[in-house]
Protein chains: 2
Amino acid sequence: MATIFDVANRAGVSIKTVSRVLNNASNVRPQTQKKVQLAMRELEYHPSFAARELRSGQSEAIGIIFSDPSGGFQGRLHSAALSACRDAGCFLTAALIEEGSDNWADQLAEFLNRTRIRRMILVPPFCDSADLREQLREEGVTFTLISPSIPAADAVSLGMNEEQAAYEVTQHLVSLGHERIGHIAGIEDHVATQLRKAGFLRALAEAGLEARENWLGVGAFNFRDARDVARQMLADPGERPTAIFAANDEMAAAVCYTASSLGLTVPDDLSVAGFDDVAIATAIWPPLTTVSQPFTAIAAEAVRRLVEPDPEADQGQNEALECRLIIRESTAPPPVG
Amino acid sequence: MATIFDVANRAGVSIKTVSRVLNNASNVRPQTQKKVQLAMRELEYHPSFAARELRSGQSEAIGIIFSDPSGGFQGRLHSAALSACRDAGCFLTAALIEEGSDNWADQLAEFLNRTRIRRMILVPPFCDSADLREQLREEGVTFTLISPSIPAADAVSLGMNEEQAAYEVTQHLVSLGHERIGHIAGIEDHVATQLRKAGFLRALAEAGLEARENWLGVGAFNFRDARDVARQMLADPGERPTAIFAANDEMAAAVCYTASSLGLTVPDDLSVAGFDDVAIATAIWPPLTTVSQPFTAIAAEAVRRLVEPDPEADQGQNEALECRLIIRESTAPPPVG
DNA sequence: TTGAAAGCGGTACCAC
DNA sequence: GTGGTACCGCTTTCAA
């Protein structure tokens, strides 16, 4: 392991000059800087995280706290964050805090205290806690929120444009020729639920289609509720929709399941679309038309903002990245007649 | 932040003595040790990770590498490892390495080089790579394998007793009165597949039941293949099993799905059991009888071994922890008649 | 524009 | 059994 001393030696300067180059201070002659950078490259020099942390009192690592990293959303975000960190040359240190536990503040304090982490990524559900954000601020932590369900006025956040994505899903169904389209919404007060439903209704209105009361259900993001709703929606052959857009894949799977048990074939008799593109979307048959969220891009942007903060550009309080519609085999033109 | 210096002051000893107590060296008078420990507690002293790392050249953190932490198995293990680390007072630093990438060795070297991590938990798929283990050994890393599919002769590993769990699932079905029991296996050369099938066959043999050829299928751990297998298995009303044990929950879900589309009710007409207790097990209806793997216990044991290595006890090369049978509503006595 | 030297919080070699 | 002190690699004040 080459040290700053080796680099100084090789470049024929003092370690202070090397340090200046490392922290790109202004007062270095370009020529000197070149010399030092060359030496660093030749020696494959990397500054020591430990030494820096010891000196500065802050860890170089980026912190992330989870309530349940095995959950799909958090897991995907974690994966994307790890990937982004690798690309940015930094490392991720994770901690587990029970959501709603009475001593989460102590757990967080302990984490910050011990790791000396001062840059964090906040994912749901913690990004929605104003108390938690306040504590972070008091400890001098800079952070970026990812996909908060309640947009925070006091913090920079990165989200995804779910309304638009839901609009596109619906438009896709419309463009296939569907005119009788149902929607199964998620948990009612979730922002995601509202956005997805809003996009659905916007596309419907734009196409001049009716949003029938009994084609609008609430499945609360779970299989069982969605199955019950689907059963009702599909009960009357004369009155049923030819396509159903469920607000997540698990509920879409429930629709497929129900259709199958009613003797309907997906997509010939009924088109089904989901949202999230989780494992179940390709685990079932037919694979679901769904929406893929830009986890990778979001994590990359979050890490970039922490690693190279740009006070100017980071003023954008609520940047939203685009989702992507993935068309698979669960959607097709409606049955004729 | 109290330092070792503050502790020494308060206890009226030198920092060296404090250091000795910290590293529980032998040459300290019990009385002195007590005094120091008291001072540490009073000051809420915690040694600085950075200072230790700088001095020793090794990070205190425990490392873990994933190929895909959003996958169910890795995600659960990650969650359990985080929890275990918190309880053990250490922290987890994760890295992402693409499975089968041609420069995984460089990625690993970079990770070790930069983080100075020297204690790692190896989870699938990396725990199965002898090359990777060799590289770790060369770098002086101690590690514990979790659930390797090929038991490694050269490393300590922690696994779960899947054969026994599969045996218990089957026994549960037998005890309900089933005599016609099918099995849908996973990907053929996976160790998990073999163990689960072996447990199934052992229970069958013990109960004096027949293992019929057409009640043994291969679903390759995915919904679609399992659905096809189930369709065949359930095709002939006179010849079909009254219970099916699938080697994972996703395949069990496929069985439920197929049963439903054939007009069969689970569990009245057909009992279904899965394995893994993943989200889908409780997402579908009826919730699946399945097997819960001891992720928490395994992670705790893995961390314990890394944090307080015990050369004596750690000779146990392949410790296996017990799984737990979870009986839910997808299993019931066979239909009468 | 550059350099010497102190110190961040520990560990460990040596002397007592 | 205990204490003095050099040192890990870097940042930073102060002088030159």
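Chain naming here is simple, since letters A, B, ... match the order of the sequence lines and numbering starts at 1 in each.
Between H78(A) and H78(B), the two ring planes are parallel [angle under 30°; tilted spans 30° to 60°].
Tested against I298(A) for a side chain to side chain contact (heavy atoms under 4.5 Å, CB included), the candidates L158(A), T144(A), V123(A) yield a single pass: L158(A).
Looking at heavy atoms from C-beta onward, C90(A) lies in side-chain contact with V307(A) at the 4.5 angstrom threshold. The closest side-chain heavy-atom distance from R118(B) to L112(B) is below 4.5 Å. A heavy-atom distance below 4.5 Å is not found between the side chains of S48(B) and E60(B).
Of the residues in residues 106-114 of chain B, not one comes within less than 4.0 Å of DNA chain C through any heavy atom.
Phosphate proximity of dT2(D) to T32(B): present, with a side-chain N or O under 4.0 Å from OP1 or OP2.
Distance alone, capped at 3.5 Å, places no donor-acceptor pair between the R116(A) side chain and the E53(A) backbone. Listed for the D6(A) side chain is a donor-acceptor partner under 3.5 Å among the backbone atoms of T3(A).
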E99(A) vs D68(A), side chain to side chain contact (heavy atoms under 4.5 Å, CB included): CA-CA, chis, key distance, verdict: CA-CA 9 Å; E99(A) 190 188 355; D68(A) 177 17; over 6 Å; no
Where protein sits on nucleotides 6-16 of chain D, one letter per nucleotide: B base, S sugar-phosphate only, - none, heavy atoms under 4.0 Å: BBBBBBB----
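The interatomic distance linking E53(B) (CD) with dG10(C) (P) rounds to 14 Å, in whole Å. Nucleotide dG9(C) holds its P atom 16 Å from the CD atom of E60(B), rounded to whole Å. Atom C1' of nucleotide dG9(C) and atom CG of N9(B) are separated by 14 Å, given to the nearest angstrom.
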